[in-house]
Amino acid sequence: MNIILFGPPGAGKGTQSKRLVQSRGWVQLSTGDMLRDARKAGTELGNRVAGIMDRGELVSDEIVIALINERLPEAEAAGGAIFDGFPRTVPQAEALDRLLAERSSPIAKVVRLVVDQDELVARVEKRAAEEGRADDTVDAFKVRLKAYNDQTAPLIPFYTGQNKLVDVDGMGSMDEVSARINAALDA
Ligand code: ADP
């Protein structure tokens, strides 16, 4: 089963994806992680996207679609993908639909983690202290939130139109949120 974990920066997509990898054996496909890996490895692509990511802007659709496409065979072999931080624009979502249609394995559900804005800011501040990610500064976070509101939020009507969107309360402990996600997936 292929699912998308959807939500603003700091909503807990990465944390919850990792839990689903453990419990269900699916593969987590995080474009944010793939791009950070490319930077760490110092590849040409990594160098190209570094400034964009640090400012909190979105990298081009073409780049992330290619990264995802490369990993689809692995997800298919595992029996499912958890898309995390992808798609982030309507063209990305349309491309994903096309790629999955070729493999006859469409998105089953889009789980939207709903978290208060104040809580998002608090979580990102905490992560900045713990992990030191370059884009967890106050300024970059504002740009990321704006990118989410302008470019990613239009996916809510997109997936509502496909009857796939399920809202899950993302407030509370990690265990509470996991339990809600599992209930939504099994419903
Ligand atoms: P967040 O914690 O904001 O969800 P991610 O780790 O998913 O962050 O992404 C970090 C950065 O990587 C983004 O701000 C953006 O620059 C880039 N990025 C990740 N995924 C995408 C995507 N699907 N489209 C465009 N840019 C992306």
Side-chain angles (χ1 to χ4, degrees), residues 2-21 27-41 43-72 75 81-100 107 110-117 119-156 158-159 168 170 174 177 181:
N2 294 321
I3 66 160
I4 296 172
L5 273 192
F6 185 84
K13 303 184 292 291
T15 305
Q16 295 298 335
S17 296
K18 290 192 174 66
R19 290 178 161 224
L20 288 170
V21 168
V27 171
Q28 175 190 11
L29 297 182
S30 160
T31 42
D33 285 350
M34 294 175 205
L35 292 167
R36 277 186 290 277
D37 287 347
R39 291 181 63 175
K40 247 182 259 158
T43 63
E44 197 235 300
L45 170 72
N47 296 334
R48 190 142 41 100
V49 298
I52 299 170
M53 290 178 74
D54 289 350
R55 284 193 298 279
E57 296 163 6
L58 295 187
V59 310
S60 75
D61 290 337
E62 198 193 350
I63 289 176
V64 289
I65 291 164
L67 287 172
I68 285 288
N69 191 30
E70 276 172 26
R71 301 282 300 276
L72 289 179
I82 307 148
F83 294 94
D84 161 16
F86 180 93
R88 255 179 165 88
T89 65
V90 170
Q92 289 178 24
E94 290 169 342
L96 181 62
D97 277 350
R98 278 194 302 273
L99 292 171
L100 294 179
I107 294 294
V110 180
V111 175
R112 176 191 177 204
L113 294 176
V114 182
V115 177
D116 296 348
Q117 192 114 337
E119 173 69 12
L120 294 177
V121 175
R123 288 184 188 178
V124 170
E125 279 172 354
K126 183 162 171 271
R127 186 166 70 189
E130 287 167 0
E131 297 176 20
R133 252 174 66 169
D135 63 347
D136 278 341
T137 63
V138 173
D139 283 347
F141 183 71
K142 278 190 201 146
V143 176
R144 281 157 65 204
L145 212 48
K146 185 169 172 359
Y148 174 79
N149 287 323
D150 294 350
Q151 293 171 270
T152 307
L155 294 178
I156 297 169
F158 181 90
Y159 286 118
V168 166
M174 287 191 257
V177 177
I181 292 172

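Atom set for the values below is all heavy atoms of this structure, side chains included, hydrogens, waters and symmetry mates excluded. Source: prediction; values computed, not measured. For ligands, and for the atoms within them, numbers begin at 1 and follow the listed sequence.
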So does Leu120 get a backbone contact from the side chain of Arg123, meaning a donor-acceptor N/O pair under 3.5 Å? no
Which bit of Arg133 gets closer than 4.0 Å to ligand 1, counting heavy atoms only: side chain, backbone, both or neither? side chain
Backbone of Leu58 reached by a side-chain donor or acceptor of Arg88 within 3.5 Å: no
Among non-hydrogen protein atoms, atom 16 (O) of ligand 1 lies closest to Glu57 O, 2.4 Å
Could you give the distance from CD (Gln28) to NZ (Lys13), rounded to the nearest 0.5 Å? 11.0 Å
Just by distance, do the side chain of Gln92 and the backbone of Ser60 share a donor-acceptor pair under 3.5 Å? no
Which atom names give the shortest non-hydrogen contact between Gly85 and Thr31, and what distance separates them? O-OG1, 3.1 Å
For Glu94, does the CD atom have more than 12 heavy-atom neighbours from other residues, nucleotides or ligands under 6.0 Å away? yes
Tell me, which protein residue and heavy-atom name are nearest atom 12 (O) of ligand 1, and how many Å apart are they? Met53 CE, 3.4 Å
Is it the case that ligand 1 has an N or O less than 3.5 angstrom from some N or O of Val59? yes
Arg127, portion touching ligand 1 at heavy-atom distance under 4.0 Å: side chain
Hey, which atoms in ligand 1 end up nearer than 4.0 Å to a heavy atom of Arg144? 1 (P), 2 (O), 3 (O), 14 (O)
Backbone, side chain, both or neither: what part of Asp135 comes under 4.0 angstrom of ligand 1, heavy atoms only? side chain
Which is it for Leu35 and ligand 1 at heavy atoms under 4.0 Å: side chain, backbone, both or neither? side chain
Expected output: side-chain Asn2 to main-chain Ala81 donor-acceptor under 3.5 Å: yes
For atom 27 (C) of ligand 1, state which one of Arg88, Arg39, Arg55, Lys13 supplies the nearest heavy atom. Arg88
I need the nearest protein heavy-atom contact for atom 24 (N) of ligand 1: residue, atom name and distance, please. Gln92 NE2, 3.0 Å
Polar side-chain atom of Asn149 near backbone of Leu145 as donor-acceptor pair, under 3.5 Å: yes
Side chain, backbone, both or neither: which part of Val64 has a heavy atom under 4.0 Å from ligand 1? side chain
Is Gly85 close to ligand 1, meaning an N/O of one under 3.5 Å from an N/O of the other? yes
Check Ala93 against Leu155 and note the closest heavy-atom contact, atom names and distance. CB-CD2, 3.5 Å
Only heavy atoms of Thr31, strictly under 4.0 Å: list the atoms of ligand 1 that pass. 19 (C), 20 (N), 21 (C), 22 (C), 23 (N)
